[in-house]
Amino acid sequence: QVQLAESGGGLVQAVASLRLSCVASGRTFSTDIMGWFRQAPGKEREIVAALKWSLGTTYYSDSVKDRFTVSRDNARNTMYLSMSNLKPEDTALYSCAAARRLSITTRSAEYNYWGQGTQVTVSS
């Protein structure tokens, strides 16, 4: 089992920056793919970014490309999502997930472990 715990969400104004953290514990060696997803009220969950932990390969959705950066700290078993130039449409519950896969996937159904999420609210 892998446990994931997110933190760092909050209420910010538009164009502000925020950094989310996702701490992984447990059998983390079994999961090489990690992702950040978000879900706004009334909308489907969507992928924001993904990371292949062993190589540092990344993926970004078009809506956040050039504004968000996903990174990792091996020593802390922590994945980060650095968000800049935030927009009201970025408001959502952000969750991290881990997948027992070798390649990055954007499909939420292919992720095996999920955190509880952290709320990000961007005011205009």
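The model shown is predicted, which means the values in this text are computed figures rather than measured ones.
Contact between T57 and I104 at its shortest, heavy atoms only, is O-CD1, 3.6 Å. Pairing each heavy atom of M34 with each of C22, the nearest pair is CE-SG, 4.0 Å. In terms of heavy atoms, S21 sits closest to T78 at CB-CG2, 4.1 Å.
Remark: the T105 side chain and the E110 side chain contain an N/O donor-acceptor pair separated by less than 3.5 Å. R101 and S103 share a side-chain donor-acceptor pair at under 3.5 Å. For the residue pair S54 / D32, a side-chain donor-acceptor distance below 3.5 Å is found, with atom types taken as modelled. In the model, R100 has a side-chain atom that pairs as donor or acceptor with a side-chain atom of Y113 under 3.5 Å.
Residue R76 qualifies as open at atom CZ: its count of foreign heavy atoms under 6.0 Å is 12 or below. The number of heavy-atom neighbours closer than 6.0 Å to CG of L102, taken from other residues, nucleotides and ligands shown, is 12 or below. Atom CG of N74 has more than 12 heavy atoms from other residues, nucleotides or ligands within 6.0 Å.
At distances below 3.5 Å, not a single donor-acceptor pair connects side-chain atoms of S17 with backbone N or O atoms of S84. R67 places a side-chain N or O within 3.5 Å of a backbone atom of S63 that can act as its donor or acceptor partner. No donor-acceptor pair under 3.5 Å is formed between the side chain of Q119 and the backbone N or O of Y94. Checked by atom type and distance alone, the side chain of T31 pairs as donor or acceptor with a backbone atom of T28 at under 3.5 Å. Of the possible donor and acceptor atoms, none in the side chain of Q13 sits under 3.5 Å from a partner among the backbone N and O of S123.
The hydrophobic cluster containing Y111 does not contain L93, counting ILVMFWY residues as joined when their side-chain heavy atoms lie under 4.5 angstrom apart, directly or transitively.
In this structure, F37 has its ring center closer than 6.0 angstrom to the ring center of W114.
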Test salt bridge (charged side-chain N to carboxylate O under 4.0 Å, His left out) applied to R38 and D90, step by step: CA-CA 9 Å; R38 68 185 182 187; D90 293 318; 2.9 Å; yes

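One distance of note links OG of S71 with CG of L51; it measures 8.0 Å at 0.5 Å rounding.
In this structure, R19 is positioned above the aromatic face of Y80, its NZ or CZ under 6.0 Å from the six-membered ring centre and within 45° of the axis.
When each of T58, L20, V48 is paired with V70, the side chain to side chain contact (heavy atoms under 4.5 Å, CB included) condition holds for T58 and for no other.
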